[in-house]
K.L.:
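Quick one: the structure is below, and I'll ask about it shortly.
This one's a predicted model, so the numbers in the text were calculated from it and none came from an experiment. Every chain is numbered from 1, with letters handed out A, B, ... down the list of sequences.
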Amino acid sequence: MKKYQEFKQVDYPNIGESVLQYWKENNIFNKSVANREGAETFTFFEGPPSANGTPGIHHVMARTLKDIFCRYKTLKGFQVKRKGGWDTHGLPVELQVEKELGITKEDIGKKITVEEYNRKCRETVMRFKDEWDDLTEKIGYWVDLDDPYITFDAKYIETLWHLLKRLYDKDLLYKGYTIQPYSPAAGTGLSSHELNQPGCYRDVKDTSITAQFKLKGEESTYILAWTTTPWTLPSNSALAIGEKLDYVKVKTFNPYTYDAQTVILAKSRLSAYFNPKAKELSLAEYKAGDKLIPYEVVGEMKGADLLGLEYEQLFPIEAISLPHPAFTVVSGDYVTTEDGTGIVHLAKAFGADDFRTLVQNNVPGVFVQDEKGNDIPVVDKQGKFLPIIGEYLAAKMKEHGITAHKDYGVNDFYVKNYTDDNEDDKEYKNTDVIISIILKNESKAFKVEKYEHSYPHCWRTDKPILYYPLESWFIKTTAYKDRMVELNKTINWKPEATGTGRFGNWLENLVDWNLSRSRFWGTPLPIWRTKDGSEEICIGSIDELKSEIKKSIEAGLMESSPINEEEIDLHRPYVDDVILVSPKGVAMYREPDLIDVWFDSGAMPYAQWHYPFENEDIFKANYPADYIAEGVDQTRGWFFTLHAIAVMLFDTVSFKNVIANGLVLDKNGNKMSKRLGNAVDPFKTLKEYGPDALRWYMLSNANPWDNLKFSLDGVAEVQRRFFGTLQNTYNFFALYANLDEFVYDKSKSIPVAQRTELDQWIISKLQSLITDVESSMDNYDATKATRAIMNFTVDQLSNWYVRLARKRFWRGDMNADKQAAYETLYECLMSLSQLMSSFAPFYSDWLYKNLTDSSENQMESIHLTDWVGVDASLINKDLEESMDLAQRISSLVHSLRKNPKIGIKVRQPLQRILIPVLSEKSKVQIQHVEDLIKSEVNIKAIEYIDDASDVLVKSVKPNLPVLGKKLGPKMRFVVAAINTWGKEQISEIERNGKIYVDVDGESLELLLEEVLISSQDIPGWSVATDQELTVALDVTLTEELKQEGIARDLVNRIQNLRKDMGLEVQDKIHIQIAKHDDLVNASFENFGSYIKTETQALSLETLETVSDAIALDMDEFELSVKVLKAN
RNA sequence: GGGCCUGUAGCUCAGGUGGUUAGAGCGCUACACUGAUAAUGUAGAGGUCCGUGGUUCGAGUCCACGCAGGCCCA
């Protein structure tokens, strides 16, 4: 019975499936958590995905990255609870439902009730859960899928309400407004997502005005500002300049009224406003009506010089006059001179930049008061001017005799075409045009023209949108900005720059968090208000809601509770039907907004455990997280909301270590998309390559925080090179271990110190590998860890250890040396299975089982084992250096042998190599591995050349890093001098430890350690060198060497014959050979026993002739040979 | 427009604190090995280190300005 299973070929996908099955049947994941009960916790937070779409290959990346550190920490002895989660709210779900039902947002409440709509959302959002779970399992992402948190769950929402109330109680929740895209035609705000719908941005021709703002206290001097939205001009309350930009003062005439005037604009915009042909014209000779308007630059200044200048309000309407510092010049960092005048007109209500700039400068905006005393803009929500402006414009039309396609009443001044008036009417004039004409007539317009630009439109009504102030609820994150910045510095970000740069800068420029969303499917804002806004209540729990409902029913405001007590649902429409009663006995209605879904996910550390209503102990043991990982696109999303809530409410970080991973692109570096057809199907890839190679490829190919150019060829390469090599190594072990009936038994194993140097070396290398993997993983660097494991497996273990030790496994019967080889290889494979288990969880477990099937005290799975750390006593750096020399020397000899001038194949033994040694130490180091080198490159002896021999030629070069610090600019002279040195100077510095060099008449002392001495040549020999190492090869072929070469050739040919005959490794043979020339005959005579041993021949006969012989091609000649299988 | 990331061989990527001749794997070419064999080894060819300036005795590495691609935000 075979102790170690052997495999002809390996079906990696099948390993994945069968190991997965085994895990399920034996509950391995649960055990891996349960086994660590009572141990220190390592906390991981799952950033919830949304299951309303199918998972892609990038999710394999993200989920693998999450998985590996949890597995690693489990091995290290921590208990790692990982609760899965689902993100279920938000616009994408709503849009998908609307698409499927063929409805729009307007239809909600009309064609379909909110109740039905939300039920549909609830169904849709988990549609692909099964597919997600399937992928999660198949890639080996261990996370609790049976009891995940779900953001639409009433308990989950209850925690959110609790958190919101805590914010409310700290005065961090307030109602304000912000400038948002708004569709007057649809009467709703638009999300940036809606704005990014194809076709939203359209090229339109709008009337643009360069308006003239008259400076106070100066005669006819104007600042020019350009706008594509003239209707915002009545709301102007400041002008912005760029402080570093250059501006000019120009004397000229108004092109419409021909009045003499002085204007100010950016210097680089001169040519856009003035015809160069007019430059030579004299101002004095100008006559009103002349087409070419002369101009003269009369002053120049920086933007900073303009700051604080005051000007007259453009539309002097009493009701909208403002106190100082309105109508002054302020600084705006976004001002450019790409178009316009380099001066930007600011209207607080109609631009986000405008709003921000004016708030920063404490400049009031143009607003009027409604009946409640609230500020409202002069444009109403239907998109038309309030009568207060309408009256003014209507009066001005009359005054200037302006006629249009219709009679404009005070309520007709829509700022965009929301009326469906016929724009093709010859007399058609919109509000922008009317404003332009008024300004032209009043000498307040410098230039009016049609301007084509891209402007966003409402995707539902096709009408242009407005940027408009909308009411919103905010979290006052700015109040905690400094603390957030401070605590962020304690977070270990991978990569670091995302933490300091992208996230750090974001925190530095923090604005208050706009929580409000005007939608249907999401967490409702738990705030109820009286109609006049004077009283309000924030509800923080279901119990509180119930008791407030009770009060309200008692007060007679509701007949019964709209909330189903049996099955509590806190969504709309039920909460909207709840009317509460204020302390003064007034009815309170819920603020209709839903909250930003990012609050949902940012609250998961608390809500996943229904804290503080339940599970306080679990929460406390698992907060904050030790580790999280998500895409870098989440920086201002999940990473921020986690951080913000934690800092504001708990004064702590939410996570201590975080990896922000990059994107998965296609192999050409393009974004993957289903539409373009370059998306990689994860299920198909898994089926073809299995989970381990896929995971390994993704981790090892590039750092996770860089974008990954995903290529199936890369996966195949990992599979072949790494897994294939490892599998070959295992198979090699299994084949011979089974033949020798070797079974690993630690208690009987030979102490490492008694094994060969090769064994000691690979064990030492293995310890170094463990150190590397540990430190990489402790530093959240999986790429380094996987690369180190690969290098060890392929280069050290397989291509050096196994290759050199091969014969020990198959020659002769079981003995101590053989046992040591088995044990060494076995120990390496066992260690590898644990080291790689985090990254390749399936294959490693399978390997572990194959290695331990016949062992008595095996664990059920590698994932249930304890981490076997480094045994420092087994590290032998000296030996590692020796072996490194052996590898390099062998490589040099190989390169010499295949040099065209020499051309002697490895099978032909050679007498000796010569190695110059500069110190006794390096000589001893090489001597340690002499036998290995000799057998590897097939030479009989190594001879050393040291100072005592006169054939050694040394060379010297400067030790630049050392000398540079000492000499600085004198370096190159000294370097030049050193490069001319010969034997004499070298021996002088070696003898005295120093030497003097003349530079420019100055004598400089150079020390021995400031130069590097190496041997580079042996006169009369072919040498090969690699850095300080030099090897010479003796190519003399003696008779005996030739005979041995022939013998080896024969062995080689007979081994081929054996294989062709289909013989098993242990089969014995008889050999008959026909005699050839003297050299060949002598070879068989002298090396007969060697040939017999190697080929497992019982006899070797040399005969005059051999019947039924095969002609063996020996390159230079042929031999008649017959091989018979022994009985 | 702003912030951040990336740019090194045909491809995928390494290249502490600046140091003489910039590395690995894949691919390619040649050779070798043939009891790990649908494997493997060795060697070779292949580079304006995105560009331009600067700092320095010396720059792939540090600084500035650009270019190209990407992400996020306006």
K.L.:
Suppose you measure atom P in B/rG27 against the same atom in B/rA39; what distance do you get, rounded to whole Å?
P.N.:
11 Å

K.L.:
Rounding to the closest angstrom, what is the interatomic distance between B/rU56 and B/rG66 at atom P?
P.N.:
23 Å

K.L.:
Hey, does A/Ile1069 have a side-chain heavy atom less than 4.5 Å from the side chain of A/Arg1058?
P.N.:
yes

K.L.:
Of the candidate nucleotides B/rG70, B/rC26, B/rA36, which contains the atom at the shortest distance from the side chain of A/Asn707?
P.N.:
B/rG70

K.L.:
For B/rA36, take OP1 and OP2 only and decide whether either is under 4.0 Å from a side-chain N or O of A/Arg806.
P.N.:
yes

K.L.:
Taking the same atom, P, in B/rU29 and in B/rC71, what whole-Å distance lies between them?
P.N.:
37 Å

K.L.:
Please confirm whether any donor atom in the side chain of A/Arg502 sits under 3.5 Å from an acceptor in the base of B/rC71, or the reverse.
P.N.:
yes

K.L.:
Side chains of A/Trp800 and A/Asp795 only: does a donor on one sit below 3.5 Å from an acceptor on the other?
P.N.:
no

K.L.:
Taking only the P atom of each, what is the distance from B/rC26 to B/rU40 in whole angstrom?
P.N.:
9 Å

K.L.:
Listing time: all N or O pairs from protein to nucleotides 55-58 of chain B that are below 3.5 Å?
P.N.:
{"unit_1": "B/rC57", "atom_1": "N1", "unit_2": "A/Gly968", "atom_2": "O", "d": "3.4"}

K.L.:
In whole angstrom, give the distance that lies between atom CG of A/Leu1057 and atom C1' of B/rU37.
P.N.:
17 Å

K.L.:
Compare side-chain N and O positions of A/Arg907 against OP1 and OP2 of B/rC33 and report whether any pair is under 4.0 Å apart.
P.N.:
yes

K.L.:
So, OP1 or OP2 of B/rU34: does either fall under 4.0 Å of a side-chain N or O from A/Asn1052?
P.N.:
yes

K.L.:
Describe, in one word, how the ring planes of A/Phe350 and A/Tyr468 are oriented to each other, choosing from parallel (under 30°), tilted (30 to 60°) and perpendicular (over 60°).
P.N.:
tilted

K.L.:
Not counting sequence neighbours, list each pair that qualifies as a salt bridge (charged side-chain N to carboxylate O under 4.0 Å, His left out) and has a residue in residues 664-673 of chain A.
P.N.:
none

K.L.:
Kindly say if A/Arg721 contacts the phosphate of B/rC26, meaning a side-chain N or O under 4.0 Å from OP1 or OP2.
P.N.:
yes

K.L.:
Below 3.5 Å, does any donor atom in the side chain of A/Ser798 face an acceptor in the base of B/rA36, or the other way round?
P.N.:
yes

K.L.:
Would you measure the distance from the P atom in B/rG23 across to the matching atom in B/rG44 and give it in whole Å?
P.N.:
12 Å

K.L.:
Holding to side chain to side chain donor-acceptor pair (under 3.5 Å), I want the full list of residues that pass it with A/Asp740, two or more places apart in sequence or in another chain.
P.N.:
A/Lys818, A/Tyr822

K.L.:
Is there a side-chain polar atom (N or O) of A/Asn1056 under 4.0 Å from OP1 or OP2 of B/rU34?
P.N.:
no

K.L.:
For A/Asn509, report the nucleic acid contact type (base, sugar-phosphate, nothing); a contact means any heavy atom under 4.0 Å.
P.N.:
nothing

K.L.:
Between B/rC28 and B/rG70, how many Å separate the two C1' atoms, rounded to a whole number?
P.N.:
31 Å

K.L.:
Take atom C1' in B/rA59 and the same atom in B/rG2, then report the distance between them in whole Å.
P.N.:
30 Å

K.L.:
Taking all heavy atoms of A/Phe792 and all of A/Cys828, pick out the closest pair and write down the distance.
P.N.:
CZ-SG, 4.2 Å

K.L.:
Below 4.0 angstrom from OP1 or OP2 of B/rU6, is there any side-chain N or O of A/Lys709?
P.N.:
no

